[in-house]
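Notes follow the structure.
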2 protein chains.
Amino acid sequence: MKDAHPTGPRVTLPHPAAKLPGSNPCAACAVRDRAICAVLDDSELEQLSGLARPSDLDVGRTVFFEGDDADSLYVLIAGALKLYKLLPDGRRQITGFLFAGDFLGLAFNEEYQFTAEALMPSRLCRLPRTKIEGLLPEMPKLASRLLNLAFTELASAQTQMLLLGRKTAQERLASFLLHLADRLAGQGDPVSLIHLPMSRADIGDYLGLTVETVSRGVTKLKSAGLIALRDGNYIQIQDRPGLEGVAGDL
Amino acid sequence: MKDAHPTGPRVTLPHPAAKLPGSNPCAACAVRDRAICAVLDDSELEQLSGLARPSDLDVGRTVFFEGDDADSLYVLIAGALKLYKLLPDGRRQITGFLFAGDFLGLAFNEEYQFTAEALMPSRLCRLPRTKIEGLLPEMPKLASRLLNLAFTELASAQTQMLLLGRKTAQERLASFLLHLADRLAGQGDPVSLIHLPMSRADIGDYLGLTVETVSRGVTKLKSAGLIALRDGNYIQIQDRPGLEGVAGDL
DNA sequence: TGGCCGATTTGACATAGATCAATAGCGAAA
DNA sequence: TTTCGCTATTGATCTATGTCAAATCGGCCA
């Protein structure tokens, strides 16, 4: 058996009743200074907090389905989600993974354009969409934050198109691991131990590959000494420059 | 030689000097009520018009390159553009095509995330990015229009990911033609005669295929009686339900 | 601790689409 | 109108990845 790693990031959901009566529950939010809320001052946050409804979600449960009326926006407080679209015959494309602090519900018009499903026990903060839209004119900081989020998402969607349209299986896999490492690092130091809350099948559906190809690819990266598999679905990046070489984009 | 089609949409660029001195040049703009400007009232348009600089572009010329400082936003007044990203070894992914009325310059942060190149002689309206950003707080209608645009783009990027990750060559091609037909139709009646300002190579780079596969695919759709090729790079959709069947998404 | 069940890995083979290689078509210039 | 050069089409192979199938692993529950 392999070593357990030092700091296993178990998801510890803050207790629902942890909010002090009368105080602003958002103020104590775990993602207070990462999510969209980060750009708001205390009085603005106060306004939002009245609208927010937290909710917990078990593995495999969906937040909403593609085609549902898009009446809510969400902030992911803890856990991880996958977003996906389906073809009628069941082929699936995962368009993204969400982690704590991420925003959910962009890309709506009237209906959600994808299904959002929990990869692990997760907690969300739910906001009524129309109310938020109503607040935007009075909260230009919020509006511009949303616009920036949308731009960032768009840029990363375009990067993903390049990956899906033009990269080989190995390149896709290496790019994916590096991308994950960078996202999990946030603004801190680059991270080399990555947790994979998603299955090989999910990775395949994200990269436009089959489970088998993903598995073979992981094995090959491992044999090349670029990564190592750790207990509990962790991957350790052992040779970042090497992995970047395989990823192929500059 | 085959028939010329009835209404060959030659690009006729309005003469640059067509603006009356003293009047608002935007008021007479060809895309006045399609582009982002459509949500603005006359006084707001007046403010913008002072910032706008028109410019013409020949086939093959670029508006900007991936990595350039993103200091301008653009509205495409006439013509067509392709947007693409490159890998170091020259592999290319076209992330989108733009037509008259479309907005260009979303998906910026500090640098453009893709190169924009003219597919035909085109005219653009250029706006300084920082000035526009400064106006957003005072023009919530413009801000919300941009947000909506970004959402729409995002949704279509996700649809494209599904196409690139999970569809067969024939499905991609059929989807592409239907998508083009719908875009060119705008809000009017569905269109069945589609102009293709882009080469087969461009279509391939958009769909994640090679030129040869695109060409074979077109031939196959033609043999099946779903489409017909017309003079001057036009394609006529002859059996829309049939084509939708091939496209495969519901 | 042992047994089960789904997830992962590995292997053998099939194929959609890529690659390499000729033509054939078509538009611009002379 | 003819020619030239690029673009598109078609054909003959090749290969990366998909498909089918069989272990093997690993987590969870009794």
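Lettering of chains follows the sequences in order, A, B, ..., and the numbering in each one begins at 1.
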Atom CZ of R91(B) to atom C1' of dA18(C): distance rounded to whole Å?
13 Å

Criterion salt bridge (Lys or Arg N to Asp or Glu O under 4.0 Å) against D102(A), the qualifying member of K82(A), R183(A), R34(A):
R183(A)

Of T168(B), I227(B), V246(B), V214(B), the residue whose pairing with L173(B) passes side-chain contact (heavy atoms from CB on, under 4.5 Å):
V214(B)

Does R216(A) make a side-chain N or O approach to OP1 or OP2 of dT10(C) shorter than 4.0 Å?
no

Nearest-nucleotide pick for A169(B), side chain only, options being dG17(C), dT8(C), dC20(D):
dG17(C)

According to the interplanar angle, ranging from 0 to 90°, do the rings of Y112(A) and F64(A) count as parallel (below 30°), tilted (30 to 60°) or perpendicular (above 60°)?
parallel

Provide, to the nearest angstrom, the distance between the CG atom belonging to L164(A) and the C1' atom belonging to dG17(C).
17 Å

With the threshold set at 4.0 Å, does a side-chain nitrogen-carboxylate oxygen contact exist between K167(B) and D249(B)?
yes

Is the phosphate of dT19(C), meaning OP1 or OP2, less than 4.0 Å from a side-chain N or O of T210(B)?
no

Judged by nearest nucleotide, the residue sitting upstream toward the 5' end of DNA chain C, T168(B) or V214(A), is V214(A)

In whole angstroms, the gap separating P of dA22(C) from CD of E212(B) amounts to 14 Å

How many whole angstroms separate atom CG of D89(B) from atom P of dT19(C)?
11 Å

Side-chain N or O of T213(B) versus OP1/OP2 of dA18(C): is the shortest distance under 4.0 Å?
yes

Quick note, L209(A) side chain, CB onward, closest among dA8(D), dG18(D), dC20(D) is dG18(D)

For Y74(A), is the NZ or CZ atom of R126(A) found under 6.0 angstrom from the centre of its six-membered ring and inside 45 degrees of the ring axis?
no

With DNA chain D as reference, determine whether R166(B) or S199(B) sits nearer its 5' end, using the nearest nucleotide of each.
S199(B)

Please give, in whole Å, the distance from dT17(D) P to D205(A) CG?
17 Å

Could you check how far NZ of K222(A) sits from P of dT10(C), rounded to whole Å?
6 Å

For a quick test of reading the model: is some side-chain N or O of T219(A) closer than 4.0 Å to OP1 or OP2 of dT10(C)?
yes

Calculate the interatomic distance between D231(B) atom CG and dG27(C) atom P; express it in whole Å.
6 Å

At under 4.0 Å between heavy atoms, what does S215(A) touch on the DNA or RNA strands: base, sugar-phosphate, or nothing?
base

What does G217(A) touch in the nucleic acid at a heavy-atom separation under 4.0 angstrom: a base, only the sugar-phosphate, or nothing?
nothing

Separation of atom CG in N233(A) from atom P in dT8(C), rounded to whole Å:
7 Å

